[in-house]
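So that we are looking at the same thing, I have put the structure below in structure tokens.
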Amino acid sequence: HLLSRRQRQMCIRDRKNRETANIKLNYPNNQTYSFPLQGGDGNYEISCDKPEIIETKMISSCDISIKALALGEAIITVRDQSGNTLDIHVIVDYYTDNYIVSKQDILLTGDLKDSEKQTIKEKALATIPVKTGGGYKFIYTDAEIARGKVLVYQEKFGDKAIEGSFERKSNEIENEQWGTRHIISFDLTLPEQPKRTFIISEYIPSSRTSPIVLMAFFEDLKKTFTIDYPTVEQVYTEQVLTVPSHLYY
């Protein structure tokens, strides 16, 4: 996962005091990051207070390497011979995807009466596990297989959550309307609920009012309604998504 320019370049100022920098790394991740050091008198030495969490060393006279070994926090201290010091605060955590549901909608097609459409819409919307303002946090505890823990915030994102598991998959599907498409889906397993699959794709509202591309979770519910409504063609719930800001220092 990419780091900002400020994170890649560590600067020790000639003030004979302590400067600080912050880095966030993802775990598990076998990648080793290198950082050039600038400032000070150029004669650097480093130490780490938690070597079981962070492996770090000088790889040249002005470059250090940092590798995450375990979850947690550590301080890397860089000193020069003139008494200048840089403390690098490193946080190692699982990679997460966060989604807030900003709107709910239904994609419904078929030869249906208006009253049937309304009934299907109401029943389909009731199956969505979160309200508007709620959302999902996907915590990748197994980066190799793209699976882990999911927190489902039913009322408000960040409040009390239902905990389950998920696996993210990449597939190609055939659809009469879309043709062959490459899709990303999330298989969710939640307590006392059947497994459900959310496909993430572009949301196209009936009247586009913004040039911003919106993404949504789509869940296919056609099988739920075909017995009572044999002329139904498509029934998808749509959870329009926004992503909380991630701040890097």
Side-chain angles (χ1 to χ4, degrees), residues 1-2 24-31 67-72 91-107 124-175 177-204 213-226 234-246:
H1 305 286
L2 296 179
K24 184 175 182 181
L25 298 179
N26 295 319
Y27 179 86
N29 185 357
N30 292 322
Q31 184 172 352
K67 182 178 180 180
L69 302 178
L71 298 170
I91 299 174
V92 182
D93 202 354
Y94 292 122
Y95 177 74
T96 62
D97 276 331
N98 299 304
Y99 299 104
I100 296 175
V101 177
S102 60
K103 179 183 176 181
Q104 297 178 345
D105 203 352
I106 297 294
L107 174 60
L125 287 173
T127 68
I128 298 177
V130 306
K131 296 181 180 179
T132 300
Y136 307 87
K137 178 187 288 289
F138 297 94
I139 304 170
Y140 290 78
T141 58
D142 188 339
E144 294 297 324
I145 309 180
R147 65 184 178 189
K149 179 171 67 175
V150 60
L151 301 179
V152 180
Y153 300 100
Q154 293 179 292
E155 300 289 336
K156 182 180 179 182
F157 186 88
D159 281 357
K160 185 178 179 181
I162 296 174
E163 182 177 322
S165 62
F166 81 94
E167 183 173 349
R168 192 184 70 183
K169 296 179 179 179
S170 178
N171 296 298
E172 287 189 351
I173 62 170
E174 294 287 341
N175 183 281
Q177 180 179 355
W178 300 329
T180 302
R181 294 190 62 186
H182 179 78
I183 64 165
I184 300 295
S185 63
F186 293 84
D187 289 346
L188 276 65
T189 302
L190 302 175
E192 301 178 358
Q193 295 186 28
K195 182 178 289 187
R196 56 202 314 164
T197 298
F198 293 158
I199 297 170
I200 187 166
S201 187
E202 182 180 356
Y203 170 71
I204 303 176
V213 175
L214 299 174
M215 303 302 291
F217 282 147
F218 291 76
E219 185 174 20
D220 187 354
L221 299 182
K222 179 180 177 180
K223 291 182 180 179
T224 305
F225 295 98
T226 50
Q234 295 183 108
V235 184
Y236 286 89
T237 56
E238 301 172 302
Q239 302 176 71
V240 183
L241 305 172
T242 59
V243 180
S245 298
H246 294 281

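FYI, the numbering just counts along the sequence from 1.
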- Item | Distance (rounded to the nearest 0.5 Å) between L107 CG and E238 CD |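 Answer rounded to 0.5 Å: 5.0 Å.
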- Note on the structure: Value for CD1 (I128) from CD (Q239), rounded to nearest 0.5 Å, stands at 5.0 Å
- Do you know which two heavy atoms are closest between K103 and Y203, and how far apart they sit? NZ-OH, 3.0 Å
- Message: Give me the atom names and distance for the closest heavy-atom approach of K195 to T189.
- Response: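 Answer, listing the atom of K195 first, then T189: CE-OG1, 3.4 Å.
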- Note on the structure: Distance col, row F217:CZ vs Y136:OH, nearest 0.5 angstrom, shows 7.0 Å
- What's the shortest heavy-atom distance between K24 and D93, and which atoms?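 Smallest interatomic distance, heavy atoms only, reads CE-CB, 4.2 Å.
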- Query: Under 4.5 Å between any side-chain heavy atoms of N98 and F157, yes or no?
  - Reply: yes
- Could I get the full list of salt bridge (Lys or Arg N to Asp or Glu O under 4.0 Å) partners for E155, not counting sequence neighbours?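 E155 satisfies salt bridge (Lys or Arg N to Asp or Glu O under 4.0 Å) with K131 only.
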- With a 4.5 Å limit on heavy-atom distance, are the side chains of Y153 and Y99 in contact?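 Contact flag for Y153/Y99 side chains = no.
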- Minimum heavy-atom distance between G148 and T141, given as atom pair plus value: CA-OG1, 3.3 Å
- Query: Checking side chain to side chain contact (heavy atoms under 4.5 Å, CB included) for the pair E202/M215: CA distance, chi angles, key distance, verdict?
  - Reply: CA-CA 4 Å; E202 182 180 356; M215 303 302 291; 4.3 Å; yes
- Between atom OG of S102 and atom CG of L241, what is the distance when rounded to the nearest 0.5 Å?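 Answer rounded to 0.5 Å: 7.0 Å.
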- Item | side-chain contact (heavy atoms from CB on, under 4.5 Å) involving I183 - partner list, sequence neighbours excluded | N171, I173, R181, I199
- Item | Q154 side chain vs K160 backbone, donor-acceptor pair below 3.5 Å | no
- Item | Nearest heavy-atom neighbours spanning T197 and E219 | O-CG, 3.6 Å
- Message: If the condition is side-chain contact (heavy atoms from CB on, under 4.5 Å), which residues does A124 pass it with, not counting sequence neighbours?
- Response: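 Testing A124 for side-chain contact (heavy atoms from CB on, under 4.5 Å), a comparison that skips the adjacent residues, returns I106, L221, F225, V235, T237.
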- Task: To the nearest 0.5 Å, tell me how far I139 CD1 sits from K149 NZ.
- Result: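 Interatomic distance, I139 CD1 to K149 NZ, rounded to 0.5 Å: 4.5 Å.
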- Query: Rounded to the nearest 0.5 Å, how far apart are CG of D97 and CZ of F186?
  - Reply: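 Here the rounded value is 5.5 Å.
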- Task: Could I get the full list of side-chain contact (heavy atoms from CB on, under 4.5 Å) partners for E167, not counting sequence neighbours?
- Result: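 Result, side-chain contact (heavy atoms from CB on, under 4.5 Å) vs E167: I145, R147, K169.
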- Between Q234 and Y236, what is the shortest heavy-atom contact and its length?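 Answer, listing the atom of Q234 first, then Y236: OE1-CE1, 3.8 Å.
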- Counterpart residues, side-chain contact (heavy atoms from CB on, under 4.5 Å), relative to Y27 (two or more places apart): L71, V92, Y94
- Message: Could you work out, with salt bridge (Lys or Arg N to Asp or Glu O under 4.0 Å) as the rule, every residue matching K222, not counting sequence neighbours?
- Response: none
